[in-house]
Amino acid sequence: MTGTPPMGEDGPVTEPRAPRLIATDLDGTLLCSGGTVTDRTAAALAAAEAAGVRVVFVTGRPPRWMQQVSPHIGGHGVAICSNGGAVVDVRRGELLESFPLPEETALAVVEILRAKLPGTSFAFEYPAGFAREPGYEVPMWGEDVDHPIGPAELLLGPDGPVRGLFKLLAKHPDLDPDKLLGEAREAGGHLAEITRSAPIPLLEISAPGVTKASTLARWCAGHGIDRTEVVAFGDMPNDLEMLDWAGTAYAVANAHPQVLAAVALHTVSNEQDGVAAVLERILGLPQPKRPLT
């Protein structure tokens, strides 16, 4: 191939060979501000599916937050949610597989983080919905429905509603998000996977060994897809394991500095349709001179 190679935020971008699977994070990566899919990105996703390239959304979002993107999910209808804690058929609203954090382990993590990081409050994602402690503020989740509220000990206890915990959430009122992550991992990382994806001091905690990468690898193995045939996209620390596992990985330009440093290939930002720009090159589609909205 001759001519000038395509350019990303940081210079020339290497052309990947045609993949069998696109694995992409949603918020901050595929979606633009407001959590929407642009016309350009929707067209690129549809073109990938039409070309026989599967697209799997691999997100920290819980299953209940997936309906907004269900029109773009492809023929298989499957998404990996809650940082690998759940595999769901979005169109059918069916939980296909889950890798829960045991309630007793969750309570042990709660106890450790309360002692290490005073002021931390907790919430819980599980198949029946969402529950929280009284101190855990809700508006960031956009929740406008009733859900169980109480101390973790009751919510996770023998008579509590939380069963099959996809993800434990730990929110601090004012610590720097990266400092919070580092201190939480030092204190409780031996019990669970602890990561973050939000710009606020909010931790996302999964069962030991459960990450976006572990569940994606399992799903790919079940469909005869090798990691070398996967192109992945991400922007935050909770994407790092997936980006390391995939044969080809891209960080969007707006990614966390740790992600930009860890991933060799960069594309333009989510606001500039960074995922679509790469897919257009992979599929040989014309690239617009200006971003579409």
Side-chain angles (χ1 to χ4, degrees), residues 25-29 31-36 59-69 81-86 100-101 103 105-157 159-189 191-207 235-239 254 256 270:
D25 173 54
L26 291 176
D27 298 284
T29 299
L31 306 181
C32 62
S33 58
T36 58
T59 178
R61 288 186 175 207
R64 68 183 185 281
W65 277 17
M66 295 302 296
Q67 292 307 316
Q68 182 184 16
V69 295
C81 298
S82 297
N83 290 335
L101 177 64
E103 288 81 15
T105 304
L107 280 172
V109 173
V110 166
E111 183 177 347
I112 287 172
L113 295 187
R114 278 181 182 158
K116 176 74 172 181
L117 302 161
T120 302
S121 55
F122 299 89
F124 314 89
E125 293 176 2
Y126 58 106
F130 173 77
R132 66 180 177 91
E133 292 192 313
Y136 190 101
E137 296 180 3
V138 173
M140 62 165 290
W141 290 100
E143 294 282 359
D144 57 2
V145 297
D146 290 336
H147 50 258
I149 300 172
E153 289 78 6
L154 291 181
L155 294 172
L156 294 167
D159 298 321
V162 178
R163 291 293 178 271
L165 186 63
F166 296 148
K167 189 167 68 171
L168 170 66
L169 301 161
K171 187 177 179 184
H172 194 276
D174 51 27
L175 269 181
D176 172 80
D178 287 326
K179 179 178 176 62
L180 176 66
L181 177 59
E183 294 196 9
R185 282 177 168 172
E186 181 180 353
L191 292 177
E193 298 293 334
I194 305 177
T195 189
R196 58 171 289 252
S197 66
I200 64 171
L202 175 67
L203 303 174
E204 303 169 45
I205 303 166
S206 303
D235 74 311
M236 288 296 282
N238 66 325
D239 295 313
N254 54 288
H256 188 283
N270 64 322

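Remember, it's a predicted structure, so these values are computed and weren't measured experimentally.
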- Message: Ignoring hydrogens, what is the shortest heavy-atom contact between Ala86 and Pro63? Give both atom names and the distance.
- Response: CB-CG, 4.2 Å

- salt bridge (Lys or Arg N to Asp or Glu O under 4.0 Å) with Glu111: which residues, sequence neighbours excluded? none

- Apply side chain to side chain contact (heavy atoms under 4.5 Å, CB included) to Ile149 and list each qualifying residue two or more places apart in sequence or on a separate chain. Arg132, Pro134, His147

- Partners passing salt bridge (Lys or Arg N to Asp or Glu O under 4.0 Å) against Asp25 (at least two apart in sequence or in another chain): Lys212

- Min side-chain heavy-atom separation Ile200-His172 under 4.5 Å: no

- Task: For residues Ala170 and Ile205, report the shortest heavy-atom separation together with the two atoms involved.
- Result: CB-CD1, 4.1 Å

- Task: Return yes if some donor-acceptor pair links the side-chain N/O of Asp235 with the main-chain N/O of Asn254 below 3.5 Å, else return no.
- Result: no

- Item | Flag side-chain contact, heavy atom, 4.5 Å: Thr120 against Leu203 | no

- Task: Considering non-hydrogen atoms only, spot the tightest contact between Leu165 and Ala106 and give its length.
- Result: CD2-CB, 3.7 Å

- Mind checking side chain to side chain contact (heavy atoms under 4.5 Å, CB included) for Ala115 and listing every partner two or more places apart, or none if nothing turns up? none

- Give the minimum heavy-atom separation between Gly60 and Asn83, together with the two atoms involved. CA-OD1, 3.2 Å

- Item | Of all pairs that satisfy salt bridge (Lys or Arg N to Asp or Glu O under 4.0 Å), the ones with a partner from residues 196-207, not counting sequence neighbours | Lys167-Glu204, Asp178-Arg196

- Task: Count the heavy atoms belonging to other residues, nucleotides or ligands that lie under 6.0 Å from CD of Glu186, then report whether that count exceeds 12.
- Result: no

- The side-chain hydrogen bond (donor to acceptor under 3.5 Å, both in side chains) partners of Ser82 (sequence neighbours excluded) come to Glu125

- Query: For the residue pair Gly157 and Arg163, what are the closest heavy atoms and their distance?
  - Reply: O-NH2, 2.6 Å

- With sequence neighbours excluded, what pairs up with Asp159 under the side-chain hydrogen bond (donor to acceptor under 3.5 Å, both in side chains) test? none

- Any residue meeting side chain to side chain contact (heavy atoms under 4.5 Å, CB included) with Ser121, in chain and number order, not counting sequence neighbours: Glu133, Tyr136, Lys171

- Shortest non-hydrogen pair, Thr36 vs Ser33, comes out as OG1-O, 3.9 Å

- Non-hydrogen side-chain atoms of Met66 and Thr59 separated by less than 4.5 Å: yes

- Message: As a quick check of understanding, evaluate side chain to side chain contact (heavy atoms under 4.5 Å, CB included) for Phe122 and Leu113, giving each step before the final call.
- Response: CA-CA 10 Å; Phe122 299 89; Leu113 295 187; 3.9 Å; yes

- Message: Applying side chain to side chain contact (heavy atoms under 4.5 Å, CB included), can you list everything that pairs with Pro161, at least two apart in sequence or on another chain?
- Response: Tyr126, Pro148, Leu155

- Query: Should Leu101 and Ser206 count as side-chain neighbours, where that means a heavy-atom distance under 4.5 Å?
  - Reply: no

- Residue set satisfying salt bridge (Lys or Arg N to Asp or Glu O under 4.0 Å) with Lys179, at least two apart, ordered chain then number -> Glu183

